[in-house]
Protein chains: 4
Amino acid sequence: MARQARTEAERENRMRAIRKAALDIFSAKGFSAARLDDVAAAAGVAKGTIYLYFASKEDLLEAIVTTTIGATLAEVEQAVVASPAPAGQLLRLVVQAIAAGIQDPERRRVLHLVLSEGARFPAIGDFYHREIIAHGLRLVRAIAAKGHASGEFVSDEIERFPQLVFAPALLAIIWSVIFERIEPLDAHALLEAHLDLLTRALTRRPA
Amino acid sequence: MARQARTEAERENRMRAIRKAALDIFSAKGFSAARLDDVAAAAGVAKGTIYLYFASKEDLLEAIVTTTIGATLAEVEQAVVASPAPAGQLLRLVVQAIAAGIQDPERRRVLHLVLSEGARFPAIGDFYHREIIAHGLRLVRAIAAKGHASGEFVSDEIERFPQLVFAPALLAIIWSVIFERIEPLDAHALLEAHLDLLTRALTRRPA
Amino acid sequence: MARQARTEAERENRMRAIRKAALDIFSAKGFSAARLDDVAAAAGVAKGTIYLYFASKEDLLEAIVTTTIGATLAEVEQAVVASPAPAGQLLRLVVQAIAAGIQDPERRRVLHLVLSEGARFPAIGDFYHREIIAHGLRLVRAIAAKGHASGEFVSDEIERFPQLVFAPALLAIIWSVIFERIEPLDAHALLEAHLDLLTRALTRRPA
Amino acid sequence: MARQARTEAERENRMRAIRKAALDIFSAKGFSAARLDDVAAAAGVAKGTIYLYFASKEDLLEAIVTTTIGATLAEVEQAVVASPAPAGQLLRLVVQAIAAGIQDPERRRVLHLVLSEGARFPAIGDFYHREIIAHGLRLVRAIAAKGHASGEFVSDEIERFPQLVFAPALLAIIWSVIFERIEPLDAHALLEAHLDLLTRALTRRPA
DNA sequence: CATGAATGAGCGTTCATTCAT
DNA sequence: TATGAATGAACGCTCATTCAT
């Protein structure tokens, strides 16, 4: 029998362990095909124990997604809001934050889960849009508006479609899960190149 | 002979109907959660009939993916190979072909299936990489090389990372499946903006 | 694999076999404690087959009850309605019909199921009251009224409480299931005695 | 000593509370379907505590039955044994004791438990027969014999089948659990009518 | 003693696959 | 070839029982 979790901290540890195990199994097999037996085994608990912490398999999936929010963007948001730096530099901060964010394999797996299962579980799509996507888009739009207003940016594409800033990161995540073993991709360098292109396309060049 | 031909045509029709139905169901529920009962019902055949045409549920999934290859890129590939047009224009052709390719909801569903299930079914990942991805990357690389050699393109980012050309399309597909209902996205305009940015960044022509 | 039931008659046979097996198991273990594995084994089918015929375990229980209605009382009802015989004799017919009805061990088991599980499954209580109880009470009341009107019966107890006519049968059923092995009870003789008492009490003829 | 006594009293209180709660839950859901979680909650103790007082769920069921013996019949037995009263009057006492006994809803629930689960748990059947049934039958037989011997009773039906005296009470219990909500039944009046019939059938009438 | 977290066997139900017709 | 009844392994979830605290 696993040590009983009587304090709140122990409880939280136990939940984390189960979520971690579930993420591994869900990522490997897909949510539907994953078996809670395997999750339990991976977490080192009995099957029934999972239900002491999560109401259902689906609830466990949602817990995985909702507890793995990157603080990354939030920090950047803070830093950017009142920064006097030029827009180009702020954009660089954002892309670098994204790059850092998808460095962690665990977070990458969570993101892939969102992409794979989000369509079937509206709660996940809603949550992710509300907590992550919306913030990211707002942030990019703010920077784009600033750059546009100051004359630093020559066009408004990323103001209209801030998603363009994040698209390569999305591709990197998917690539790492599906095609990495066939043709490796240096996600970091990819985002560097992306940033270079973005910067060159947006910022006014010296005469 | 005629009888054989008629039978063969009927066979093909039947397979198509099953694949079509399966795509609908798989997309709606996810591969694992989808039930062949529903597929059979949607295809208007008995459950056992499916097994006369496909060896297993997984085989059916692979058949869906492998038979829905866009001829689009192949055509473009033909057109581009010996074209005397400037690289920027060729790139435009490619992005427009991509835009056209993801216009069709059916193909979008197939692509989402690849993204969702590709990780679990190497055959799908392999196939998709070999038949679609590799072609696309090679095509973009060829254009990039041409543009670079002629001095039309000032940098080599998309030669090193041709994936950057496709990333927004990928995002559009995923967005349409997960976030469309929350926040609509005009995929066509998105790709237009993407092309503008890309062209400007690569050619660095005066604003 | 059990022979496929393609005709309606075969289907009905299969259903009957499953119901029969379920009755055996439910009676032996109680509805809740009974396992469908055992039912399937007893019926000679695979577990999944049960679900081709019954929507759920509970549905199977209801099917057992609703398909084992004694035609007995119905026949008596017919016979009694327009009979010119004295009420005492009609009452005798009813009690004898009851006696015959609980002779069959299978029907006795069904009745015990109703008594044991009826409290938890209102549908069963409703059905049984509507299809069996109500008929029986109405029948007895009609006889009692007739006897009373003609002066044959000197009192109205069984008109007010027709249940009194059936009570010993109920006891016999329960006794046979719980106490028979400890102290046997001759249900037939019990009902005979009951009828004697009843007749004497109602007609008050000299000893 | 005092400490021991207090502890013992507390122990008994605790057991009573658990039995009471268990009776409620077992009655509502049936023994098998009842959950000890609910019993514990209803008793205001932790689930594990139940096992400090009862060896198992089944043991708890048996405890409920064996501790809820009506003192009623025992009292009557005492009163009847050496009474000079006529048999008819003694019979009246017995039936009234029965009526009083099933007035209490708690005892009615216990009786229904015995009827529902007695078939599956021989210990319960045995106990109930030994402690309740046998006494009741012996008592009625004694009265019947007395009445017969004295010439007060004209026949021996209830000597041969003393169960007939109790049958309506059994029916009343079952009715209250299953059919009451559909068609109410006045148990007290039912037993009154039963007694009237019995008395009229048995006792010699004045010339 | 009391608690309630943990266990793990168990069960109702599902569904991909098979096969008799 | 097509059907759909039958199969039986599998899985999510439950809950009586145990045991560390």
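Protein chains get the first letters and strands the later ones, always in sequence-line order, with residue 1 at the start of each.
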Student: Could you tell me how far apart Asp59(B) (CG) and dA16(E) (P) are, to the nearest whole angstrom?
Tutor: 15 Å
Student: Tell me if a side-chain donor or acceptor on Thr68(A) pairs with a main-chain N or O of Ile64(A) at a distance below 3.5 Å.
Tutor: yes
Student: For DNA chain F, what is the dot-bracket line, given that a base pair needs Watson-Crick (N1 to N3, plus N6-O4 or O6-N4) or G-U wobble (N1-O2 and O6-N3) geometry with both distances under 3.5 Å, and | means paired with another strand?
Tutor: .||||||||||||||||||||
Student: When all nucleic acid strands are considered with a 4.0 Å heavy-atom cut-off, which category describes Tyr53(C): base, sugar-phosphate, or nothing?
Tutor: sugar-phosphate
Student: Would Ile174(C) and Ile174(D) satisfy side chain to side chain contact (heavy atoms under 4.5 Å, CB included), going step by step from the backbone distance to the final call?
Tutor: CA-CA 11 Å; Ile174(C) 289 169; Ile174(D) 289 169; 3.1 Å; yes
Student: Identify whether any heavy atom of Arg11(A) sits under 4.0 Å from a base atom; if not, whether one sits that close to sugar-phosphate; answer base, sugar-phosphate or nothing.
Tutor: nothing
Student: With sequence neighbours left out, which residue pairs that include part of residues 113-130 of chain D fulfil the side-chain hydrogen bond (donor to acceptor under 3.5 Å, both in side chains) condition?
Tutor: Arg181(C)-Asp126(D), Glu183(C)-His129(D), His112(D)-Ser116(D), Glu117(D)-Arg120(D)
Student: What's the closest nucleotide to the side chain of Ala46(B) if the choices are dC19(F), dG4(F), dT7(F)?
Tutor: dG4(F)
Student: Rounded to whole angstroms, how far apart are CE on Met15(A) and C1' on dA5(E)?
Tutor: 14 Å
Student: Mind calculating the distance between CG (Leu60(A)) and C1' (dC13(F)) to the nearest angstrom?
Tutor: 13 Å
Student: In whole Å, what is the span from the CZ atom of Phe54(D) to the C1' atom of dA16(F)?
Tutor: 16 Å
Student: Would you list the pairs meeting salt bridge (Lys or Arg N to Asp or Glu O under 4.0 Å) in which at least one residue belongs to residues 21-31 of chain C, sequence neighbours left out?
Tutor: Lys20(C)-Asp24(C), Asp24(C)-Arg109(C)
Student: Verify side chain to side chain contact (heavy atoms under 4.5 Å, CB included) between Leu115(B) and Leu115(A), making sure each step is shown before the conclusion.
Tutor: CA-CA 8 Å; Leu115(B) 301 181; Leu115(A) 302 181; over 6 Å; no
Student: To the nearest Å, how far apart are Arg14(A) CZ and dG4(E) C1'?
Tutor: 13 Å
Student: Nearest-Å distance, CD1 (Ile50(B)) to P (dC19(E))?
Tutor: 18 Å
Student: Atom pairs, N/O to N/O, protein against nucleotides 10-14 of chain E, distance under 3.5 Å?
Tutor:
| unit_1 | atom_1 | unit_2 | atom_2 | d |
| --- | --- | --- | --- | --- |
| dG10(E) | O6 | Lys47(A) | NZ | 3.2 |
| dC11(E) | OP1 | Arg35(C) | NE | 3.3 |
| dC11(E) | OP2 | Arg35(C) | NH1 | 2.8 |
| dG12(E) | OP1 | Ala34(C) | O | 2.9 |
| dG12(E) | OP1 | Lys57(C) | NZ | 2.8 |
| dG12(E) | OP2 | Leu36(C) | N | 3.0 |
| dT13(E) | OP2 | Tyr51(C) | OH | 2.4 |
| dT13(E) | OP2 | Lys57(C) | N | 3.0 |
| dT13(E) | O5' | Tyr51(C) | OH | 3.1 |
| dT13(E) | O4 | Lys47(C) | NZ | 2.9 |

Student: Could you state the interatomic distance from CZ (Phe26(B)) to CG (Leu113(B)), rounded to the nearest 0.5 Å?
Tutor: 8.0 Å
Student: Please report the distance, rounded to the nearest Å, between CG in Leu61(D) and P in dT17(F).
Tutor: 12 Å
Student: Apply salt bridge (charged side-chain N to carboxylate O under 4.0 Å, His left out) to Lys47(C) and list each qualifying residue two or more places apart in sequence or on a separate chain.
Tutor: Asp37(C)
Student: May I have the distance from Leu52(A) (atom CG) to dA20(F) (atom P), rounded to whole angstrom?
Tutor: 17 Å
Student: Closer than 3.5 angstrom, by distance alone: can the side chain of Glu10(C) be matched with the main-chain N or O of Arg6(C) as a donor-acceptor pair?
Tutor: yes
Student: Which pairs with one or both residues in residues 50-67 of chain D pass side-chain hydrogen bond (donor to acceptor under 3.5 Å, both in side chains), sequence neighbours excluded?
Tutor: Arg19(D)-Thr67(D)
